[in-house]
Protein chains: 2
Amino acid sequence: MRTVYHLPLSPFSRKVRIALAEKNLDFDLQVEKVWERRAEYLTLNPAGQVPLLIDEDGTAIADSGVICEYLEDRHPEPSLLGGAPAARAEARRLIAWFDLKFDREVTRNLAFEKVMKRFYDMGEPQSERIRAGRQNIRYHLDYIGYLIDRRNWLAGDSLSYADLAAGAHLSVLDYIGDVPWSEHGTAKDWYARLKSRPSFRPLLEDHVAGLPPPKHYADLDF
Amino acid sequence: MRTVYHLPLSPFSRKVRIALAEKNLDFDLQVEKVWERRAEYLTLNPAGQVPLLIDEDGTAIADSGVICEYLEDRHPEPSLLGGAPAARAEARRLIAWFDLKFDREVTRNLAFEKVMKRFYDMGEPQSERIRAGRQNIRYHLDYIGYLIDRRNWLAGDSLSYADLAAGAHLSVLDYIGDVPWSEHGTAKDWYARLKSRPSFRPLLEDHVAGLPPPKHYADLDF
């Protein structure tokens, strides 16, 4: 059986969990408290981060981007990148958009400040960063709306890793109640479609001790 | 004809230039002074960065990682990722290593501080960042040595994007005289092999006005 080492509120772990489920690949989940820097884990993954995939043959693959490309190489159907090179490039452009730019401008300012700093014992959240994150998320929700006005899913006709990346980040922010859905109807409709997929369901059951999600988090009709 | 918008000392542009040459694909080069934020360029590439590839059919592809995957999809031979999924994952792991980790720990501390800050008019270089870059590069050269003691090229038997990524960063640092080759013989031998490939030759002819490279920069027997 495959194993995914993860953290419940890591958007990168969540992307990989949805990807495996969309490709109908079974896996066990293992929480890895990366801040403990467990020696055995560092042997498997010197970078020390989550997610890490251990495939059925024991191959260890780290980095969510690398894992997603690996899954697409090994299990091309159903594709989560698309067929034509230009379509795949568009999906990859948007994956980078959400996993780098959105992560830097929004996720780190909100989820990292409000949640992860506790685990890493890095002091109090900085209110100016939280303000910046709350401002920045609006531009990104508008951008999602712009794309969805023109396309069925973010990168084109079909669901792709771009939707999974964006949805994974937003699901973490939704868990801490930081997504202003009511002001971004098109993005909300897109997220509702994503959230109702069976691949997304396990994420909605995640609970972090001492940090309950808001009531609408698991609600498909939020 | 394809066009690559680039900057001579951008490691990401350099990686794409070597990649196209290794795949025997012709292209024109166009310098894009990204700090001028030219409106026409921003239309082609809203992220405003280099490199940008305009393919023969007019398709615009931004982000060096996305461009490299696109080239591999459209022109799979000769492959710069490898065949088996696990081999491709190892190449991609090392691409991320050099384009994210090495970039953050070394290239930005040295090339950005010493060169790019001038163009962006961002003030004086910070000496503590330069010191950190000079310290960090040694660990990375050791890591290259560790890999090359075990493999022909960084990711395995064949040349891959991992070598191109590492070589592109090091070539920029070599241009500003910041690679302590004499203390890292195995990494030096690997770089000498890379440098002598025809794909690398045009990089050795780059000259930035007001910033001449050291004499050994273009020397194949450095």
Side-chain angles (χ1 to χ4, degrees), chain A residues 12 16 23 25 44-49 51-76 79 81-105 139 143 146-147 155 160-162, chain B residues 12 16 23 25 44-49 51-76 79 81-105 139-140 143 146-147 155 161-162:
Chain A
F12 302 100
V16 166
K23 287 184 175 285
L25 302 169
L44 288 171
N45 179 13
Q49 293 171 322
L52 172 71
L53 169 70
I54 309 294
D55 205 355
E56 288 175 321
D57 63 0
T59 305
I61 314 274
D63 180 301
S64 77
V66 176
I67 294 170
C68 286
E69 293 281 355
Y70 171 81
L71 292 176
E72 187 75 10
D73 281 345
R74 277 211 70 168
H75 309 279
S79 175
L81 272 173
R88 292 161 70 87
E90 177 63 358
R92 289 183 174 119
R93 178 183 79 81
L94 289 167
I95 298 164
W97 181 282
F98 289 102
D99 280 346
L100 298 174
K101 190 174 165 67
F102 185 99
D103 182 58
R104 189 173 59 235
E105 294 176 357
Y139 297 107
Y143 187 47
Y146 170 90
L147 292 170
S160 77
Y161 285 135
Chain B
F12 303 99
V16 166
K23 287 185 174 285
L25 302 170
L44 288 170
N45 179 12
Q49 292 171 322
L52 173 71
L53 169 70
I54 309 293
D55 205 354
E56 289 177 320
D57 63 0
T59 306
I61 314 273
D63 183 302
S64 76
V66 177
I67 294 170
C68 286
E69 293 281 355
Y70 171 80
L71 292 176
E72 188 75 9
D73 281 345
R74 278 211 68 168
H75 310 280
S79 174
L81 272 175
R88 293 162 68 88
E90 177 63 356
R92 288 182 174 120
R93 178 184 78 82
L94 289 166
I95 298 164
W97 182 280
F98 289 103
D99 280 347
L100 297 173
K101 190 172 165 66
F102 185 99
D103 182 58
R104 189 174 58 234
E105 295 175 357
Y139 299 107
H140 287 283
Y143 186 48
Y146 170 90
L147 293 170
Y161 284 135

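Chain identifiers are assigned alphabetically (A, B, ...) following the order of the sequence lines, protein sequences preceding nucleic acid strands; residue numbering begins at 1 within each chain. Note that these values count all heavy atoms, side chains included, but never hydrogens, waters or copies made by symmetry.
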Report task. Pick one of side chain, backbone, both or neither for Arg74(A), based on which atoms fall under 4.5 Å of a heavy atom in chain B. Result ->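 Contact with chain B involves both backbone and side-chain atoms of Arg74(A).
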
**Report entry** Residues of residues 51-65 of chain B near chain A, each having a heavy atom less than 4.5 Å away
**Finding:**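 Residues in range: Thr59(B), Ile61(B), Asp63(B).
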
Query raised in the report: Is there side-chain contact between Arg92(B) and Asp73(A), with at least one heavy-atom pair below 4.5 Å?
Result: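 A side-chain contact exists here, since the closest heavy-atom pair is under 4.5 Å.
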
Requested in this report: Over all heavy atoms of both residues, which pair between Ala89(A) and Tyr70(B) is shortest? Give the atoms and the distance, please.
Outcome: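 For Ala89(A) and Tyr70(B), the tightest heavy-atom pair comes out as CB-CD1, 4.1 Å.
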
